[in-house]
Amino acid sequence: MDEQARIMQTLGGVNLSGHPGQGGMTLPPPHGHDGTDVDGRKQDIGDILHQIMTITDQSLDEAQAKNRKHGLNCHRMKPALFSVLCEIKEKTGLSIRGAQEEEPPDPQLMRLDNMLLAEGVAGPEKGGGAAAAAAAAAASGGAAGDNSIEHSDYRAKLTQIRQIYHTELEKYEQACNEFTTHVMNLLREQSRTRPISPKEIERMVNIIHRKFSSIQMQLKQSTCEAVMILRSRFLDARRKRRNFSKQATEILNEYFYSHLSNPYPSEEAKEELAKKCSITVSQGVGTTITVSQVSNWFGNKRIRYKKNIGKFQEEANLYAAKTAVNAAHAVAAAVQNSQTNSPTTPNSGGYSAPCYQSDGRIQ
DNA sequence: TCTAATGATTTGAA
DNA sequence: TTCAAATCATTAGA
């Protein structure tokens, strides 16, 4: 069956009475009720279909020729015919595509949105970055001394990411709106000469929005990655390692060398050492030192001392002498205070040669 | 820029 | 859980 015959057959079901819902398709009401009018209309349809088929066979330039186009546009049956053609289009290919358009929200996009919201990048700015920084600091369990500096650094970087994200998002939205308007105008313009229904335009707009939202997803993804990198840098204590102050190291070394026979401080001793070392902070030196840092320090010291006793010998002698001098001073003070008390052995808290257990542990 | 020192983390054993 | 040992990552000095 050729194209013109098929269209004619389709139009055979047109409700020419002008009452919608009976024949499925609606045409403008007839001018009269006599058979001549119906014959005239059939003639009209045949005429306009002939024009369309002629244009179809022509080149674009020929088809665009003003008189032909104008003639077609001004034909009194044109709106009815376009309405029919729109319905045919709706009921064929587009309806199949339409069924696929009802997609559930993308879980990946939802995840990204939630994360950006939680990190304070998306949504209203209400100190989300600060909260995230505080949470990160709490999770890191690190020293609190320079947390405020770290927080402001983290906040500044997060704000930067937030700004870039919003600027880019705005750009995408603007571009999307501009493109949508452009396409809508184009389709509206085209709808004068092609059967394009508003529904079809709406569908096209949805397609454009989906395309742009997939671009937005890339932006969200890269923003999330940037936040994760920033977070990991903030959380990784190794990256913000600070050497202990000289005073703190001296306190720890003094304890280590004076307890060289058993350099395993108890929990109480560790707390005491951490407290002592942290006092230096109040004197404007270094950062606070936690009990776990003291544990790390002793762990490192034991293994490094054991690995290279020779290298640490000088240091050991130095602290032994220091401890001896301190003890002597203490004794002298004690003697001065109480002539009756006999002095204790000066070396009792001093250096003692290490010995190792069979399993390798320092004894 | 290279390297040693050093604080932190990971892994496996007790 | 604690510790030893290995390793990582950063700092500081030459």
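Letters go in sequence order (proteins before strands), and every chain restarts at 1.
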Whole-Å distance, A:Asn296 CG to C:dT1 C1', equals 15 Å

B:dA5 P sits how many Å from A:Trp297 CH2, rounded?
15 Å

What's the closest nucleotide to the side chain of A:Arg304 if the choices are C:dC3, B:dA8, C:dA5?
B:dA8

Would you confirm whether A:His166, through its side chain, and A:Val121, through its main-chain N or O, come within 3.5 Å as a donor-acceptor pair?
yes

Working to the nearest 0.5 angstrom, can you tell me the gap between A:Glu254 CD and A:Ile251 CD1?
7.5 Å

Would the distance check show the side chain of A:Gln293 and the main-chain N or O of A:Thr290 forming a donor-acceptor pair, the cut-off being under 3.5 Å?
yes

Measure the NE2-CD1 distance between A:His182 and A:Ile208 for me, rounded to the nearest 0.5 Å.
9.5 Å

Can a donor-acceptor pair under 3.5 Å be found between the side-chain atoms of A:Asn300 and the base atoms of B:dA8?
yes

Looking only at side-chain N and O atoms, does A:Tyr305 come under 4.0 Å of OP1 or OP2 in C:dA4?
no

Between C:dC3 (P) and A:Asn262 (CG): distance, integer Å:
10 Å

With a 4.0 Å cutoff (strictly under), does any side-chain N or O of A:Lys307 reach OP1 or OP2 of C:dA6?
yes

Separation of A:Glu315 atom CD from B:dA4 atom C1', in whole Å?
14 Å

Measure from the side-chain heavy atoms of A:Ile303 and tell me the nearest of C:dC3, C:dA4, C:dT2.
C:dA4

Which word best sums up how the rings of A:Tyr257 and A:Tyr305 line up, parallel for under 30°, tilted for 30 to 60°, or perpendicular for over 60°?
perpendicular

A:Phe256 CZ to B:dG7 C1', straight-line distance once rounded to whole Å
16 Å

Would you classify A:Lys301 as touching base, sugar-phosphate or nothing, given that sugar-phosphate means primed atoms plus P, OP1 and OP2, and contacts are heavy atoms under 4.0 Å?
nothing

Between A:Lys311 and B:dA4, does any side-chain N or O lie under 4.0 Å from OP1 or OP2?
no

Rounded distance in Å - CG (A:Asn243) to P (C:dA9)
17 Å

Whole-Å distance between B:dG7 P and A:Asn253 CG?
9 Å

How close or far is atom C1' of B:dA8 from atom CZ of A:Arg302, stated in whole angstroms?
15 Å

Is the phosphate of B:dG7 approached by A:Arg242 (side-chain N or O, under 4.0 Å from OP1 or OP2)?
no

